There are 2 protein chains.
Amino acid sequence: MDIFTTMQDERGRLSQSEIRIADIVLNDFEFAVNASIIELAGKADVSPPTVTRFCRRLGCESFSDFKVQLARTAYVGMRYLKPEPKSIAPADVAQDIITKAQNALFLLHRGLDVVAIEAAANRIAGAEMIYAFGSGGNSSMIASEMQNRLFRLGLRITSSSDHSMQLMMAAAAKPTDLLIGSSFSGRNTELVRAFTLAREAKVPTIALTQSGSPVADVADVTVPIDLPEGDNIYRPTSTRIAYLAVLDILASLVAYRLRPQATATLRRIKQQLVTHRDGDDRQLLGD
Amino acid sequence: MDIFTTMQDERGRLSQSEIRIADIVLNDFEFAVNASIIELAGKADVSPPTVTRFCRRLGCESFSDFKVQLARTAYVGMRYLKPEPKSIAPADVAQDIITKAQNALFLLHRGLDVVAIEAAANRIAGAEMIYAFGSGGNSSMIASEMQNRLFRLGLRITSSSDHSMQLMMAAAAKPTDLLIGSSFSGRNTELVRAFTLAREAKVPTIALTQSGSPVADVADVTVPIDLPEGDNIYRPTSTRIAYLAVLDILASLVAYRLRPQATATLRRIKQQLVTHRDGDDRQLLGD
DNA sequence: AACGTATCAAGAAAATAATTTGCAGGAATC
DNA sequence: GATTCCTGCAAATTATTTTCTTGATACGTT
């Protein structure tokens, strides 16, 4: 997979000297990507050959191969080590947020459960009617975004962020329908209740949430989204980007499954919008 | 900045041989990051010293420095060359979408207008009341997301995706208030109308949109978001992720400006949610 | 318990490979 | 025709890897 994961996974099988090397790489990645084998060996108090052996053990061809791997992944992969932007100057804040977002995507990709995603896409594509649930600002955005993405594919879908409505909808749904719920924390008790209700009525359910959480436990299919949430209360949000990406993946897979129908519906909607605007065909679907 | 931009910018000042090297790097990045200087020189039909000189001209210390730079940026920076996923297998679609999203963030960062962002943040922080506008699914999501982010900081804000409401709100707004509008295409005529109305009433306006577009033209401050939109109608959405990132940046900057007030409000909201849930303090703000 | 053997880690030195520098010939430009 | 810049060759330098050896540890045998 990627070199950082490998380093962590293999840590137990490394020797003392190799652990020292690994620690230096992990702690001072900037140094590591720029250093020569001699410099790195010097800093770790080992000989250059030991560094070469270390790289080999991690599955790299050579030391320079190792450095390339390092540079590739670490650019997006290791920034969560720095919890705060360097300063609150706009450029630094921007860099921090963008890097964290890229990082969230990186981690999402690393932990993605493709089997679950595919199962979810299949169910979505086959549902007669879809109910998308989510509350609390972040997840409600995901729910309405779900609707925004799926109705364009010709699917019947509604969304709600209202707990009472969710319960009523869950009670009204049929076994040929589908409930999709999103919860960042996985601890949305009302959503758990709605899912439980659905389960009793044999209505299939899909959860986008943390694995192992109460919401995940009651869903038929869970698409797990597990990311370490930064603790800066001002920016609780790179997780959202990961959720949106999952949504995109689901919507794309569903679209590929329904291609002919979806294309036709999209074209109609697009036509509608284009004639309503100033006729530039290159504009986005739905702004 | 980054090595690819530099290569494109410097292209005119490069010699024949150097252009050959640049083309090989650009076209076969995978080869380039793994090749030794001799292999790369061989493929470009030049001598190794020429490659070294090429790297120096691009501002790198050495050939290996060049490779590291290459590996760093190219991982996220150059994937839009491949317009389609390798297959419609879930893993490939996922990889495609995630890479494109990372790429959108990369391009956003590269083209970010920090001055405009800062100006926008200042105005937001100083506004008595904020109206966030956007329509059409994507931008309406941004507008309500704007509300979701900013009310937590103790700001007075409402959002609307309804054109008629937008016009009425624009007419009702005061010069101490603020209008924020989002338009992916920049061609939302109704938003232009609302902005024009606001301008006449001396209500300040901020636009999140394509630079040079009609919406950008009528706003006091434009935060330009210019990304090449992929033409696959099934995935019109990596742009959205860029918009959300800009929103995050704005919200963070505003938060830093209002820190004491914002912290208190957030704590209150969090308290509310936590006591309402099962008491795990580590959960997200608002799910 | 003592000894021997096997296994592994790790450094020194040598060998190899890669990269850079200095220099000179040649092409292009003014 | 002179100057400048490009380019490759060969040499020098530097970096990396291989080989060989030593030392340590674990395990089995006597």
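Quick caveat: nothing in here was measured; it's all calculated off a predicted structure. Below, chains carry the letters A, B, ... as their sequence lines are ordered, and counting in each starts from 1. Values reported hereafter were calculated over all heavy atoms of this structure, with side chains retained and with hydrogens, waters and symmetry mates removed.
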With a cut-off of less than 4.0 Å, is there a side-chain N or O of A:Arg57 near OP1 or OP2 of C:dC8?
no

Please work out if B:Asp65 contacts a base, only the sugar-phosphate, or nothing of the nucleic acid, heavy-atom cut-off 4.0 Å.
nothing

Whole-Å distance separating the CD atom of A:Gln16 from the P atom of C:dG11
12 Å

B:Phe66 CZ to C:dA18 P, in whole Å, measures 18 Å

Do B:Gln102 side-chain atoms and A:Gln102 backbone N/O form a donor-acceptor pair below 3.5 Å?
yes

B:Thr209, B:Ile142, B:Leu227, B:Val215 screened by side chain to side chain contact (heavy atoms under 4.5 Å, CB included) with B:Phe184, the one that passes
B:Ile142

Taken to the nearest whole Å, CD1/A:Ile19 to C1'/C:dA10 is 15 Å

Would you tell me if any nitrogen or oxygen in the side chain of A:Ser17 comes within less than 4.0 Å of OP1 or OP2 on C:dA10?
yes

If a protein heavy atom is under 4.0 Å from the base, mark B; if only from the sugar-phosphate, S; if neither, -; do that for nucleotides 19-30 of chain C going 5' to 3'.
BBB---------

Begin from the C-alpha positions of A:Cys60 and A:Gln69 and carry the test side-chain contact (heavy atoms from CB on, under 4.5 Å) through to its verdict.
CA-CA 8 Å; A:Cys60 300; A:Gln69 302 258 338; 4.2 Å; yes

Within less than 4.0 Å of OP1 or OP2 of C:dA12, is there a side-chain N or O belonging to A:Ser47?
no

Rounded interatomic separation in angstrom, taking CZ from B:Arg13 and C1' from D:dC6
17 Å

Neighbour count above 12 (heavy atom, 6.0 Å) for B:Glu61 CD
no

How close or far is atom C1' of D:dA15 from atom CD of A:Glu39, stated in whole angstroms?
11 Å

Indicate, with yes or no, if the rings of A:Phe63 and A:Phe54 have centres closer together than 6.0 Å.
no

Any chance the side chains of A:Ser15 and A:Ser17 put a donor and an acceptor closer than 3.5 Å?
no

Specify the separation, in whole Å, of atom CZ of B:Phe54 and atom P of D:dG8.
14 Å

